[in-house]
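Residue numbering restarts at 1 for every chain, and letters A, B, ... go by the order of the sequence lines. Values below: every heavy atom of this structure, side chains too, minus hydrogens, waters and symmetry copies.
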Amino acid sequence: MAEKITPRHVDYSRWYTDIVLQAKLADYSPVKGAMVIRPNGYAIWEMIRENLDRMFKESGHVNAYFPLLIPESFMQKEAEHVEGFSPECAIVTIGGGQKLEEPLYIRPTSETIIWAMYKKWIMSYRDLPILINQWANVLRWEMRTRLFLRTSEFLWQEGHTAHATYEEAEEETLKILDIYKKMAEEYLALPVIVGRKTDAEKFAGAEHTYSIEAMMQDRKALQAGTSHNLGQNFAKAFDVQFQDQDGNLQYVYATSWGVSTRLIGALIMAHSDDRGLVLPPRLAQRPVVIVPIWRSAEEKTAVLKYAESVFEELKGQYRVILDDREQYKPGFKFADWELQGIPIRLEIGPRDVEKDALVLVRRDTMEKQFVARKGILQTVTDELQHMQKDMLQRALKFREENTFQVDDYAEFRKIVEGEGGFIESHWCGDAACETRVKEETKATIRNIPFERKKESGKCIVCGKESQGRVVFAKAY
RNA sequence: CGGGGCGUAGCGCAGCCCGGUUAGCGCACCUGCCUUGGGAGCAGGGGGUCGGAGGUUCAAAUCCUCUCGCCCCGACCA
């Protein structure tokens with residue numbers, strides 16, 4: 001059989017597309033720019049969703065659902081917001097066979113409809129805070145689309161909170177960022193740089209935006225989540241005031257934050273290899289596959305009996321696949337499950353039955369080891385934990401090896417135009433310098449990391465004073 | 001909007017220039033046999049408005065006209 005996946009070194013973006021299609025994560029839809037998320041892909045989203053949802057609820061948030069369609073007038077209330085989103089909106093103008101009096105926007109995000117409702121619900125400080133999240137689809141008309149990374153319609157969660165003070169809103173914004181970091185590192189095994197976006201890169205309508213940024217295997221950056229402190233911008237636009245304890249009317253402070261199915265793209269590009277998908281164990285709904293191997297009918301009986309006993313032992317803890325299909329040889333099954341990223345494969349053949357052992361293969365390292373039948377549940381559990389940890393460490397090491405401190409613009413350009421990577425350079429804070437770098441190199445400031453050294457230096461572009469380094473990279 | 005390319009089975013393609021019986025190949029799919037410790041083999045089988053419409057002709061996947069869709073490059077936009 002021919003190779004199904006273009007190797008990374010041949011064509012990175014084709015490799016990515018091949019993985020998505022061949023691992024049956026998603027498929028192209030009849031509508032340009034949209035995609036179908038297939039069961040394998042949706043399973044990953046479910047794992048992300050279940051865990052994030054739990055963390056949101058543990059931190060006091062509740063879920064709700066706001067409608068898909070937003071009156072045009074709502075969209076136009078917040079000036080920056082309108083400007084930021086108008087070009088990429090789809091608008092419904094006909095309903096029930098008649099032209100609508102007011103066009104309805106298909107939500108590109110829900111701030112406006114939500115703040116129109118918050119106006120009705122918020123009267124006093126006793127109504128605050130409101131900590132609502134919603135799981136929804138949104139639509140942004142995109143010219144260049146790529147499966148999971150940028151599609152016109154995508155799934156996400158969007159949190160929208162309302163607070164009595166700026167400080168409380170800021171605290172919320174940061175709390176969520178922490179949850180995102182946890183999701184990225186502990187579940188996706190994806191090390192991220194936490195920081196603040198520059199004004200040029202912030203959300204349209206926000207006071208400021210924070211993000212988590214990850215490095216992909218082609219050394220490009222991918223924004224994996226954002227959290228915005230919206231200040232009083234939306235409260236003012238929608239006239240949402242509350243009466244404080246002293247009886248004074250004040251505008252409400254807001255936040256919003258989201259992660260999307262783009263995380264699945266991040267996951268693929270950070271960990272997968274030329275054989276196919278590599279799933280971190282904590283995101284695998286089915287972390288183990290058992291492949292029985294036999295020749296004769298007697299062997300088949302013995303092997304299957306043995307395999308079933310292993311299956312029974314593991315199934316209380318893990319969703320296990322027992323691949324007893326007759327029509328495929330073991331070699332085919334190995335390749336098939338590797339393609340789909342199943343973290344651990346257990347091979348069971350006549351020799352293993354005899355020795356009361358089995359062969360365990362880790363997807364990330366492809367390392368084969370003989371393990372004892374006894375205690376297999378514990379062995380699998382240990383291996384899954386190690387794999388989870390190793391994947392994060394490996395990704396972290398890769399990022400560190402491809403992060404450079406640069407103080408000379410010529411060298412900066414050489415790196416960006418060459419292999420690429422994250423470049424930590426001084427920046428004076430002037431948008432003009434940021435723009436110049438973007439125009440000349442296509443690299444942008446990913447964020448201003450929280451964990452940066454206080455270090456005086458000179459702006460990589462203009463040479464003016466700078467307090468610390470920011471992270472530049474080409475981004476998805 | 002300009003230039004170029006492509007539409008033939010689920011996917012990838014050949015056939016077209018030079019019109020001629022039932023339109024073919026690889027992969028995938030179905031049935032059977034045989035195999036099974038790294039993507040097997042053999043035999044049989046199902047599946048097509050040849051993108052669409054019109055025209056030329058005894059005869060069109062093939063020639064002509066129109067039309068629709070997609071891809072690449074440029075322009076535009078960021």
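- Nucleotides B/U56 and B/G15, compared at atom C1', are 22 Å apart to the nearest Å.
- Nucleotides B/U67 and B/G2 place their P atoms 13 Å apart, quoted to the nearest Å.
- Nearest-nucleotide mapping onto RNA chain B: of A/Q327 and A/I348, the residue sitting toward the 5' end is A/I348.
- Protein atom CZ of A/R351 is 12 Å distant from nucleotide atom P of B/U36, rounded to whole Å.
- Taking a pair to require two hydrogen-bonding distances under 3.5 Å in either a Watson-Crick or a G-U wobble arrangement, B/G24 pairs with B/C13.
- With hydrogens and angles ignored, a donor-acceptor pair closer than 3.5 Å exists between the side chain of A/K368 and the base of B/G38.
- Within 4.0 Å (heavy atoms only), A/V291 reaches no atom of the nucleic acid at all.
- Straight-line distance from the CG atom of A/L360 to the P atom of B/G38: 17 Å, rounded to whole Å.
- As rounded to the nearest Å, B/U62 and B/G54 have P atoms that lie 14 Å from one another.
- Here the separation of B/G41 from B/G47, taken at their C1' atoms, is 24 Å to the nearest Å.
- A donor-acceptor pair is defined here as one N or O able to donate and one able to accept, closer than 3.5 Å; no such pair exists between the side chain of A/R362 and the backbone of A/L384.
- A/L339 places its CG atom 18 Å from the P atom of B/G38, with the value rounded to the nearest Å.
- The partner of B/G48 cannot be assigned: no Watson-Crick or G-U wobble pair with both contacts below 3.5 Å exists in any strand.
- Remark: C1' of B/G38 and CD of A/E367 are 17 Å apart, rounded to the nearest angstrom.
- Here the separation of B/A61 from B/C16, taken at their C1' atoms, is 7 Å to the nearest Å.
- The CG atom of A/D323 sits 14 Å away from the C1' atom of B/G38 (whole-angstrom rounding).
- Taking only distance into account, the side chain of A/D336 never meets the base of B/G39 through a donor-acceptor pair shorter than 3.5 Å.
- Listed for the A/R140 side chain is a donor-acceptor partner under 3.5 Å among the backbone atoms of A/P108.
- Atom CZ of A/F332 is separated from atom P of B/U35 by 20 Å (rounded to the nearest Å).
- Remark: C1' of B/A78 and CD of A/E201 are 12 Å apart, rounded to the nearest angstrom.
- Salt bridge status for A/E347 with A/K368: present, with a side-chain N to carboxylate O gap under 4.0 Å.
- An OP1 or OP2 oxygen of B/U36 is reached within less than 4.0 angstrom by a side-chain nitrogen or oxygen of A/R295.
- Using N1 to N3 plus N6-O4 or O6-N4 for Watson-Crick, or N1-O2 and O6-N3 for G-U wobble, each under 3.5 Å, B/C42 pairs with B/G32.
- Partner assigned to B/G69 is B/C6, using Watson-Crick or G-U wobble distances below 3.5 angstrom.
- Rounded to a whole angstrom, the distance from the C1' atom of B/U8 to that of B/C13 is 9 Å.
- An OP1 or OP2 oxygen of B/G41 is reached within less than 4.0 angstrom by no side-chain nitrogen or oxygen of A/K329.
- One donor-acceptor pair, N or O on each side, does fall under 3.5 Å between the base of B/G38 and the side chain of A/E338.
- Across every non-hydrogen atom of A/L139 and A/A90, the tightest pair is CD2-CB, 3.4 Å.
- Here, B/G19 and B/A60 have their P atoms 13 Å apart, quoted to the whole Å.
- Look at CG on A/D18: it is 13 Å from P on B/G12, rounded to the nearest Å.
- When the C1' atom is used for both B/C25 and B/C68, the distance is 29 Å, rounded to whole Å.
- Ring to ring, A/H160 and A/F66 are not that close: their centroids are 6.0 angstrom or more apart.
- A salt bridge between A/R325 and A/D336 is present, with a side-chain N of the basic residue lying under 4.0 Å from a carboxylate O of the acidic one.
- Applying the 3.5 Å distance criterion, the base of B/G38 shares a donor-acceptor pair with the side chain of A/R345.
- Between the side chains of A/Y16 and A/D11, no donor-acceptor pair is found at a separation under 3.5 Å.
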